[in-house]
Amino acid sequence: MCLRRKDLFCVAIIGFHRAVPMTELSAHLPQFQHGQLTENFPDNHLCNTNDNSERRRHDNSERRRNDNPESETNGQPQNRTQQVVEQDEEDEELTLKYGAKHVIMLFAPVTLCMVVVVATIKSVSFYTRKDGQLIYTPFTEDTDTVGQRALNSILNAAIMISVIIVMTILLVVLYKYRCYKVIHGWLIISSLLLLFFFSFIYLGEVFKTYNVAMDYITLALMIWNFGVVGMICIHWKGPLRLQQAYLIMISALMALVFIKYLPEWTAWLILAVISVYDLVAVLCPKGPLRMLVETAQERNETLFPALIYSSTMMWLVNMAEEDPEAQRKASKSSTYDKQANQIQNEDADLDDGGFNPEWEQQRDSRIGPLESTPESRAAVQALPSNSQASEDPEERGVKLGLGDFIFYSVLVGKASATASGDWNTTLACFVAILIGLCLTLLLLAIFKKALPALPISITFGLVFYFATDNLVQPFMDQLAFHQFYI
Amino acid sequence: MTLAVFFGCSFIAFGPALGLCLFSVVREPLRVIILVAGKAIEGLVALSEDGCSPISIQQMAYVAGLGFGLMSGAFSMINLLADALGPGTVGIHGDSQLYFLTSAFMTMVMIFLHTFWGILFFHGCETQRWWEMVAVIFTHLIVSGLGSRVRQAPSQDPEGPSGALPLSCSLPALPALWCCQLGPTVAFSAISFLSSVIGGPPFVPAGGRCPGAPAARE
């Protein structure tokens with residue numbers, strides 16, 4: 001069973017956002033915005049060290065300059081400097097160690113997704129068969145001349161990229177104007193499509209390849225269970241590993257669709273252009289993805305779980321999801337609350353419960369003026385409770401957008417499908433992407449803000465693909481032929 | 001060709017190296033990164049000069065060498081293994097029937113050699129001993145040259161692949177060749193390694209704690 005063109009239209013237009021917006025990488029580091037503590041972890045040395053390290057470095061550098069004797073903890077300036085330097089080194093070392101851990105936490109799912117895609121491409125011939133093209137790439141590549149083919153592929157890539165840009169901007173606009181229902185509806189429909197329809201096709205093709213006889217009732221039961229559990233895991237709550245597994249599976253399914261329906265030159269061009277677009281969209285001040293991330297940070301929300309792979313603590317995301325509701329209700333009834341607060345304060349003045357002014361003066365003299373205002377109380381209550389953090393306190397999560405998974409897998413899958421070098425090229429692209437991911441995470445540890453994950457990896461991947469396919473592969477072929485080892 | 005050939009050849013070629021990987025690399029994320037990326041990230045290099053770093057230079061050399069070896073072995077072997085899964089008969093045109101086996105063994109040897117060469121080369125760079133680096137390059141050339149020399153056999157068949165047949169003819173010579181290659185290299189690397197041990201512990205424990213400077217840290 002193959003998709004017809006009209007099906008493809010529905011498929012692509014809904015499934016696109018999956019690949020589109022969340023192609024950026026953001027570290028799940030505590031945010032420093034406006035001095036607001038959004039620390040989500042229980043008290044532990046590492047997190048505090050790392051997230052306060054920046055502030056401390058600033059403070060320490062200022063102290064060294066001013067030689068301020070007001071610091072309570074440190075005695076002589078020399079000792080202070082020494083301790084500070086050692087603290088910095090320790091911080092750096094810990095940062096590196098935990099940075100390395102994050103890199104590994106992302107190596108595994110990216111590798112798994114690519115392995116699934118390559119295994120499917122190599123065994124199921126459906127995904128390498130030419131059965132038409134997407135509606136977004138209307139120009140065919142079966143032309144007479146090379147020039148015509150190049151022109152067609154450029155036009156295809158241009159159309160595809162404009163569609164992606166339009167949909168990203170649409171998503172950002174919807175998010176900015178708080179049309180959460182529309183976004184959630186969009187995400188749910190696309191997840192439904194991926195989890196039910198695409199997996200049904202995938203399963204059907206796998207059965208055909210291995211000649212497995214299957215009745216419709218069993219198949220319906222399997223697909224139903226797979227889909228429903230997937231929807232629950234991705235959009236609501238579920239065990240972390242299961243959620244990660246589902247995200248990897250839907251990324252692989254989406255990548256397989258792209259590999260099947262994108263012609264060769266178009267695919268490479270699209271990969272190149274989308275990594276440039278990713279760079280622009282995430283780093284430019286007016287880039288849509290950057291605006292999305294900043295808006296999410298301002299509102300103290302996390303981005304949609306259905307679009308981001310997070311390596312730890314997905315339950316926090318679910319908790320934060322309730323915040324938009326609470327915040328919206330809070331903002332709507334803010335005037336009412338203010339009135340209520342005023343009434344409360346008046347009542348409180350009449351009955352101070354034993355905390356008379358003398359007591360308050362004593363307290364102020366001892367520990368300084370402290371007064372909990374409604375805002376501070378609300379802020380404290382808004383913090384997720386530390387009792388739920390039964391996870392390893394050293395587990396700091398890193399997030400990678402599903403679009404990154406998809407395009408990495410598209411690159412490796414296309415390499416394995418169409419390269420003359422076969423496994424050498426596939427292996428080279430795989431290693432290239434991992435190296436790019438490494439470097440991106442290193443930059444993330446340095447810059448500590450959302451970064452595009454596509455450009456470096458895709459650039460390396462493309463360079464390695466063309467170099468290996470055209471230069472290394474013939475050479476290795478001859479070496480293996482003559483059993484000559486270097 | 002059968003699955004047995006596929007698994008047999010892949011385990012011969014990659015078994016020891018993957019065993020090394022499993023027992024010494026996989027536990028430490030930093031080592032995995034160096035295995036994949038192949039060279040020290042600048043921060044690590046800077047840290048290693050301080051004396052207490054999460055990974056010592058010897059570990060780095062070992063892991064980098066292992067990474068190079070695995071990649072070169074993979075590139076040599078992987079297409080062969082893929083063909084081993086498909087239909088066909090080895091040596092049906094009169095070539096050696098042991099083509100896969102000899103390739104697997106040579107790949108294993110090359111992986112080990114790359115690991116040792118990595119350690120030696122790093123050591124040579126660290127201690128500024130140019131002769132070590134020259135020796136590494138020299139032995140590398142010798143090994144490759146020997147591998148091709150073995151092939152210069154009487155059979156001048158222009159039809160089929162003339163490479164495999166002579167190699168199998170000199171099959172008894174192969175173990176001797178491998179011993180010649182591995183023996184000195186292993187001894188050489190072991191000696192250099194041990195001599196570098198005097199400078200510091202070869203494998204810093206995973207905690208990264210410096211045994212030499214406990215007082216400096218709190």
Side-chain angles (χ1 to χ4, degrees), chain A residues 82-83 85-90 92-108 111 122-123 416 419-428 430-439 441-443 445-446 460 468 472-473 475-486, chain B residues 26 28-39 41-44 46-47 50 52-55 67 71-83 96 99 102-103 106-107 109-110 113 140-141 143-148 150-151 161-164 166-168 206-208 216-218:
Chain A
Q82 220 177 27
Q83 282 172 8
V85 166
E86 282 168 7
Q87 196 84 47
D88 283 349
E89 282 175 4
E90 211 175 273
E92 241 182 76
E93 181 183 317
L94 284 168
T95 308
L96 259 173
K97 265 179 78 172
Y98 285 96
K101 203 164 181 178
H102 297 160
V103 174
I104 302 305
M105 290 200 291
L106 280 185
F107 268 13
T111 308
K122 288 293 183 191
S123 53
S416 74
S420 60
D422 235 10
W423 287 100
N424 282 344
T425 319
T426 311
L427 199 61
F430 168 72
V431 172
I433 287 182
L434 286 186
I435 294 179
L437 189 63
C438 232
L439 284 175
L441 284 167
L442 185 72
L443 287 176
I446 295 174
F460 280 0
T468 311
V472 177
Q473 171 52 30
F475 178 58
M476 293 304 300
D477 227 5
Q478 284 298 306
L479 288 184
F481 188 68
H482 294 289
Q483 264 193 326
F484 189 68
Y485 287 89
I486 55 162
Chain B
V26 163
E28 268 287 299
L30 273 176
R31 294 185 205 168
V32 178
I33 294 170
I34 291 181
L35 186 86
V36 172
K39 64 180 204 71
I41 308 171
E42 275 188 6
L44 284 177
L47 275 185
D50 282 349
C52 187
S53 71
I55 186 167
M71 271 314 280
S72 101
F75 261 64
S76 314
M77 203 59 195
I78 203 161
N79 273 329
L80 235 65
L81 291 175
D83 289 337
S96 159
Y99 179 72
T102 47
S103 301
M106 273 306 287
T107 306
V109 164
M110 289 310 289
L113 282 174
H140 201 151
L141 287 172
V143 164
S144 304
L146 277 175
S148 79
V150 167
R151 210 155 300 108
S162 53
L167 190 59
S168 74
R217 302 189 171 276
E218 288 157 273

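Below, all heavy atoms of this structure are taken into account, side chains as well, without hydrogens, waters or symmetry copies. Letters A, B, ... are given to chains in the order of the sequence lines, protein chains preceding strands, and every chain is numbered from 1. All values derive from a computational prediction rather than experimental measurement.
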### Shortest non-hydrogen contact between B:Ser144 and A:Tyr485, atoms and distance
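That closest heavy-atom pairing would be OG-O, 3.1 Å.
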
### Query
Do you know the tightest heavy-atom contact between A:Gln473 and A:Asn424?
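Heavy-atom minimum between the residues: OE1-ND2, 2.9 Å.
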
### Message
Run B:Phe75 and A:Val472 through side chain to side chain contact (heavy atoms under 4.5 Å, CB included) and show every step you take.
### Response
CA-CA 10 Å; B:Phe75 261 64; A:Val472 177; 4.0 Å; yes

### Query
Mind checking whether A:Phe430 and A:Thr111 have side chains closer than 4.5 Å, heavy atoms only?
yes

### Message
Is A:Thr426 close to chain B through its backbone or its side chain, or both, or neither, when contacts mean heavy atoms under 4.5 Å?
### Response
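Neither the backbone nor the side chain of A:Thr426 comes within 4.5 Å of chain B.
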
### Message
For B:Met71, which atoms come within 4.5 Å of any heavy atom of chain A: side chain, backbone, both, or neither?
### Response
side chain

### Task
Among A:Asp422, A:Leu427, A:Asp477, single out the residue with the greatest number of heavy-atom pairs under 4.5 Å to chain B.
A:Leu427

